[in-house]
Structures are given as C-alpha cells and as structure tokens.
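To find a chain, count down the sequence lines: A is the first, B the second, and so on, and within it residues start at 1. On a predicted model such as this, the values are computed, not experimentally measured, just so you know.
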Amino acid sequence: MTELQLTNTQGGKKHPFVPRDPQSVTMYVCGPTVYNLAHIGNARPVVVFDVLYRLLLQLYPKVVYARNITDIDDKIIAAARERGGDIQAVSDEFTVKFREDMAALNTLVPTLEPHATDNIDAMIALTEDLVAKDHAYVSDGHVLFAVESMPSYGALSGRKLEDMLAGARVEVAEYKRHPGDFVLWKPSSPEDPGWDSPWGRGRPGWHLECSAMIRAHMGESIDIHGGGRDLIFPHHENERAQSCCAYGGEFVRHWLHNAYVDMDGEKMSKSLGNVRSVRELLAHYPGEVLRFSLLSAHYRSPLNFSSDLLDGARASLDTLYNALRQHVDVEAAEFDASETEVFEALKDDLNTPKAIAALHASAKALNKANPAEVARAKGELMAGAALMGLLAHDPEEWFTATQSEQVSAETVEQLIAERIAAKAGKNYARADEIRDQLSSKGVVLEDGADGTSWRRS
RNA sequence: GGCUCGGUGGCAGAGUGGUCAUGCAGCGGAUUGCAAAUCCGUCUACGCCGGUUCGAUUCCGACCCGAGCCUCCA
C-alpha cells in the first residue's frame with residue numbers, strides 16, 4: 001500500500017503527506033463570503049476537498065475539517081445596502097443557500113464551520129500580538145501588517161517583494177509604509193458594522209479572519225490548508241505572514257490549491273456574463289452530475305465547464321448506475337474501501353480521473369460477473385464510489401426520477417404491461433408503436449432477460 | 001514588466017524513457033422479433049525545432065501558442 005501523496009503549493013512538489021499527529025488530522029478550507037449564490041467555480045474546492053476529507057477519514061482515526069463562513073466583508077455590506085436590508089439578513093440567507101447547494105452536491109458537512117463574526121475577539125488578539133511584535137503598525141485609524149518585517153514574505157506564492165512592486169497597478173494608500181502592507185483592522189464609519197477595539201470601532205481585514213479562526217479552533221499549526229488557486233496571493237500569503245509572525249512555528253504543513261473552472265474556454269466573470277450558479281444548474285442537472293463533472297479533471301488542472309461536459313458526466317453515471325441496476329436483487333458484499341483501485345488513485349495526489357476510470361473498470365467487472373461473483377463486484381464498485389461521494393442514489397430512482405413530468409410512472413408501467421402482452425401475441429407493430437410513443441416523451445424502454453425496465457432520457 | 005502553470009487522438013481527460021488509460025462519439029461483431037442496455041474487437045495522439053539516449057509523447061534547451069496570478073475573486 002502506498003502512502004498519501006499531495007502536491008504542496010509551497011515548493012510546488014508532490015510529496016508524502018505526514019500529519020503532525022496521525023491520531024488527529026486537521027484541514028482548513030476557505031469557505032464562502034456569503035453575499036450571493038455560490039457559482040460552479042465556488043463549488044469546485046468544496047467538492048475536491050470533500051473527496052480529500054473522505055480519503056483522510058479512511059486513512060486516519062480522526063479528522064478535523066473546518067470550512068469558515070465569512071459573514072463580515074465589504075461585499076456583504078454593499079449587497080445589504082443595495083437591497084436595503086441589513087447585513088445579517090444577507091449573510092444568513094446566503095449561508096443557508098450555500099449549505100443547501102453543497103448538500104445537493106453530496107458533500108459532507110465539515111466538522112467545524114466557524115463564522116467570522118463569532119471570532120472577532122480572536123482577530124483583535126492576533127492583531128495585538130502582531131503590533132506588540134512590531135510586525136504591524138497603526139496608521140490613520142488602520143492597523144497594517146508590515147510586509148518588510150517578515151524576511152520570508154512571498155515564500156508561498158513564490159514572489160519577491162521587489163517583483164511585486166514592478167507590477168503594482170493600484171494606487172498606494174498614503175497611510176501605508178510599504179505598498180505591499182495589508183490591512184488587519186480598518187475603521188468603520190457609524191453606519192458601517194463595527195466592533196470596539198484598541199484602535200477604535202472597526203472591522204477586520206479579510207486575511208485576518210482565517211488566521212484568527214484557525215488559531216482559535218484548531219491551534220497554531222494545521223496539517224492542510226486549501227482553497228482555490230486565486231487565494232494563493234494575496235490571501236494565503238498574508239495568512240501565513242500573520243500567523244507565522246504572531247506565534248511562529250509551522251503554520252501549515254501542506255498547502256493545496258485547485259485550479260479554476262472555465263466556462264466554454266473563458267474565465268468565469270461577471271463582466272463576461274458567464275457565471276453559472278450551482279442553484280441554476282441544479283434546476284437542469286442532478287447534483288451528482290455536477291459533482292462528477294467537477295471531479296472529471298484533476299484538481300490542479302483548469303476544468304472547462306460546458307454542456308458537453310455535463311452530458312458526458314451524465315452518460316458516465318448512467319453506465320455506472322446501470323451496472324448496479326442489473327443487480328438490484330443481489331445485496332452488495334462488504335468491501336473495504338482501502339482495497340479499491342479508487343483508493344490507490346486518490347492517494348496519488350487525488351487523481352480523480354484515474355479513480356473514475358477505476359470505477360468504470362469495476363462496473364465492467366460487475367456487468368460480466370457470474371452469479372457467484374456479483375455480490376463482491378457490486379461491493380467493490382459501491383465502496384470505490386462512496387469514497388468519491390458518488391452513486392449515492394438508488395439506481396432505479398436514478399433512471400426514473402422525474403426531471404420533466406411529461407408522462408407519469410404509472411402510465412409508463414401501464415404501457416409496458418400492454419406492450420408485453422402485445423409482444424407475447426407477436427404483435428410487434430403495436431409493441432414498437434408503444435416504444436416510439438414513450439420515446440417521444442423522453443422514456444427509453446430496455447427489454448432485459450427478466451422483463452422490461454425503463455429510464456428517462 | 002514580474003511570477004506560475006499548461007499544450008495528448010473528433011471531444012473530454014489520465015499516464016509513461018521501450019506492449020493497455022478511461023469516458024463520450026465512430027466503425028465491425030455477439031446478443032435482441034427489431035431496438036436499447038451489455039459484452040467482444042477496432043480506427044484516430046502526444047505543439048514546433050534541436051539535444052541526451054540503443055530508443056523520447058515522457059528528460060534537457062530554444063521557439064510558438066494558451067491560461068492564471070501580480071487588484072475583490074474558488
């Protein structure tokens with residue numbers, strides 16, 4: 001058995017994952033800023049790290065998986081202002097919708113889901129530590145992190161302070177000592193939300209939130225920190241700076257970042273108008289199709305999202321479910337997930353495309369299995385699929401669940417009965433007529449050895 | 001300008017210094033009353049130019065092309 005290997009963003013190399021404490025592994029993934037609906041790109045890290053979480057649960061006795069909710073942020077303030085409501089209403093609404101959407105993608109609920117607004121004290125404490133150690137300074141009501149105070153600043157994202165200046169396209173606020181300095185705490189005007197602090201009423205900077213919540217809920221050092229590639233700089237670089245400078249030590253053992261989801265070859269962005277929300281997609285595709293799509297490329301490669309991708313995912317899932325459906329009558333044997341090819345593929349830096357190939361191999365084996373082998377083959381397929389959070393539905397339901405209600409299940413069953421009678425009487429014209437009639441309504445009939453089954457196309 | 005990461009068959013997408021990815025699509029066959037599903041077989045590939053090597057899609061170098069980050073962003 002090989003060990004788990006992961007690519008560490010810091011250093012850019014794939015190497016064995018060695019947790020600080022094999023009895024209790026810790027993973028923190030940056031969660032949503034709850035100011036609008038999650039789009040399919042937001043869903044990628046959630047699904048990818050859900051697979052990693054399942055894998056870790058298989059490997060270690062205890063896994064603490066935290067995903068934060070950023071519920072105080074200038075974007076939320078702006079959204080609340082726009083709709084004339086209050087901030088809490090906006091963040092509550094989109095927190096609930098985020099959870100619903102992610103549940104539809106069959107992701108497990110994290111161990112911890114810390115909210116930024118519940119951890120303001122920890123953020124103030126961290127800022128105080130940084131000020132006390134001269135890594136931060138107060139200027140014009142702001143508390144700023146001094147990037148020059150940290151020799152290794154830039155080590156995660158692989159950039160040097162002087163290089164960053166060359167490309168600076170933003171005007172530098174005059175209260176900054178160095179253009180790269182970033183805000184830990186900023187002042188709030190009376191109408192903005194704020195909390196009392198040693199520096200007056202204000203609110204935390206975005207980067208500070210994650211550092212403080214990690215320290216408060218998981219300790220000063222964690223095994224895995226994940227998120228989307230775009231978070232590497234500045235968000236994670238700055239988190240690293242804050243935490244390392246505040247209390248030293250090894251903040252994060254393994255940094256993991258997933259690549260983007262593109263839409264038809266272009267980056268998803270509001271200006272291009274090609275942002276697709278998970279909720280919108282769920283109206284047209286089962287959550288499992290979205291999940292499968294997101295896992296069809298390796299997490300570090302860009303994923304081009306398109307209807308072809310979704311249709312292909314659906315076809316693949318149909319194939320896998322069909323194998324299970326052929327053997328509904330046989331109960332799957334217990335199968336240790338750590339004996340599957342899927343497990344081996346996932347341990348190699350979460351090679352989900354290879355794992356999916358293994359799933360297809362299992363399905364093929366199940367299709368070909370002789371009666372004595374069916375239970376074991378079915379168990380293997382299901383164990384591998386469970387590791388990826390797939391094949392969670394009842395196969396019969398998968399094929400017959402109503403997407404567009406053109407014809408009821410009862411009608412279908414009636415017509416099938418009539419058709420069987422027609423076939424028995426060699427009235428093939430009538431049999432074909434019924435099949436064509438149902439086909440036009442999106443129902444496909446399949447004559448098997450033991451009767452006729454159907455599915456919606 | 002700086003820093004990253006990529007370019008694999010019709011499409012999607014793994015992987016490897018020398019016989020296999022896999023899925024969808026195509027083609028041939030088995031099966032079927034005919035289909036569908038399933039099974040068997042099969043075609044199409046590694047951006048370009050050099051180098052290393054007995055041998056490179058895989059290693060090295062140049063080039064071309066593409067994407068991302070450097071600013072809120074999964």
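For the pair A/R325 and A/F399, the tightest heavy-atom approach, listed with the atom from each and the gap, is CD-CD1, 3.7 Å.
Comparing A/D447 and A/Y299 against RNA chain B, the residue whose closest nucleotide sits nearer the 5' end is A/Y299. If A/R455 and A/K423 are placed on RNA chain B by their nearest nucleotide, the residue sitting closer to the 5' end is A/K423.
Nucleotide B/A37 has no partner under the Watson-Crick or G-U criteria, as no pair reaches both atom distances under 3.5 Å. Here B/G66 sits opposite B/C5 as a Watson-Crick or G-U wobble pair (both hydrogen-bonding atom distances under 3.5 Å). In this entry B/A14 has no Watson-Crick or G-U wobble partner, no candidate having both defining distances under 3.5 Å. Pairing partner, B/G55: none, since no Watson-Crick or wobble contact has both distances short of 3.5 Å.
Distance, A/Y428 OH to B/G33 C1': 4 Å, rounded to whole Å. Spacing between atom CG of A/L256 and atom C1' of B/A74 amounts to 14 Å, rounded to whole angstrom units. Whole-Å rounding puts the A/D262 CG to B/G6 C1' distance at 12 Å. Rounded to an integer number of Å, the gap from A/R44 CZ to B/A74 C1' is 9 Å. Atoms CZ (A/R276) and P (B/A74) sit 18 Å apart, rounded to a whole Å. Atom CG in A/L295 sits about 19 Å away from atom P in B/A12, given to the nearest Å. With rounding to whole Å, A/I232 atom CD1 is found 15 Å from B/C72 atom P. Atom CG in A/N238 sits roughly 15 Å away from atom C1' in B/C73 (whole-Å rounding).
Side-chain contact of A/H393 with A/E288: a donor-acceptor pair under 3.5 Å is present, judged by distance alone. In this structure, a donor-acceptor pair under 3.5 Å is present between the side chains of A/W454 and A/E413. A/H207 and A/H236 share no side-chain donor-acceptor pair at under 3.5 Å. Side-chain N/O atoms of A/D73 and A/T33 include no donor and acceptor closer than 3.5 Å.
Here, B/A12 and B/G47 have their P atoms 15 Å apart, quoted to the whole Å. A distance of about 23 Å separates the C1' atoms of B/U58 and B/A67, rounded to the whole Å. For B/A74 and B/G55, the C1' atoms lie 44 Å apart once the distance is rounded to whole Å. As rounded to the nearest Å, B/G6 and B/C40 have P atoms that lie 35 Å from one another. Nucleotides B/U57 and B/G18 are separated by 12 Å at their C1' atoms, to the nearest Å. The separation of B/C59 from B/U16, taken at their P atoms, amounts to 9 Å, rounded to a whole angstrom. Here, B/C43 and B/U38 have their C1' atoms 22 Å apart, quoted to the whole Å. Only the C1' atoms considered, B/U22 is 16 Å distant from B/U44, to the nearest whole Å.
Residue A/N367 places at least one side-chain N or O under 4.0 Å from the OP1 or OP2 atom of B/C39. Between A/Y260 and B/C5 there is no side-chain N or O to OP1 or OP2 distance below 4.0 Å. The phosphate of B/C40 (OP1 or OP2) has a side-chain N or O of A/K368 nearer than 4.0 angstrom. Between A/S301 and B/A14 there is a side-chain polar atom (N or O) within less than 4.0 angstrom of OP1 or OP2. Dashed line: the shortest gap from a side-chain N or O of A/N351 to OP1 or OP2 of B/G15 is under 4.0 Å.
A tilted orientation is assigned to the rings of A/H15 and A/H254, their planes being inclined by 30° to 60°. Ring orientation note: the planes of A/Y153 and A/F233 are nearly perpendicular, at an angle over 60° on the 30°/60° scale.
The A/K354 side chain lies nearest to B/A14 when the options are B/A36, B/A14, B/C70. Side-chain proximity of A/V444 to the nucleotides B/A36, B/A12, B/G33 is greatest for B/A36.
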How would nucleotides 22-31 of chain B be written as a contact map, 5' to 3', with B for base contact, S for sugar-phosphate-only contact and - for no contact, using protein heavy atoms under 4.0 Å?
SSS-------

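Within 6.0 Å of CD on A/E331 lie no more than 12 heavy atoms contributed by other residues, nucleotides or ligands.
On a pure distance criterion of 3.5 Å, no polar donor-acceptor pair joins the side chain of A/R229 and the base of B/C69. One cannot find a donor-acceptor pair under 3.5 Å joining the base of B/G68 and the side-chain atoms of A/D230.
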Go through the steps to decide whether A/K97 and A/E100 satisfy the test salt bridge (Lys or Arg N to Asp or Glu O under 4.0 Å), and finish with yes or no.
CA-CA 5 Å; A/K97 286 181 172 167; A/E100 289 172 355; over 6 Å; no

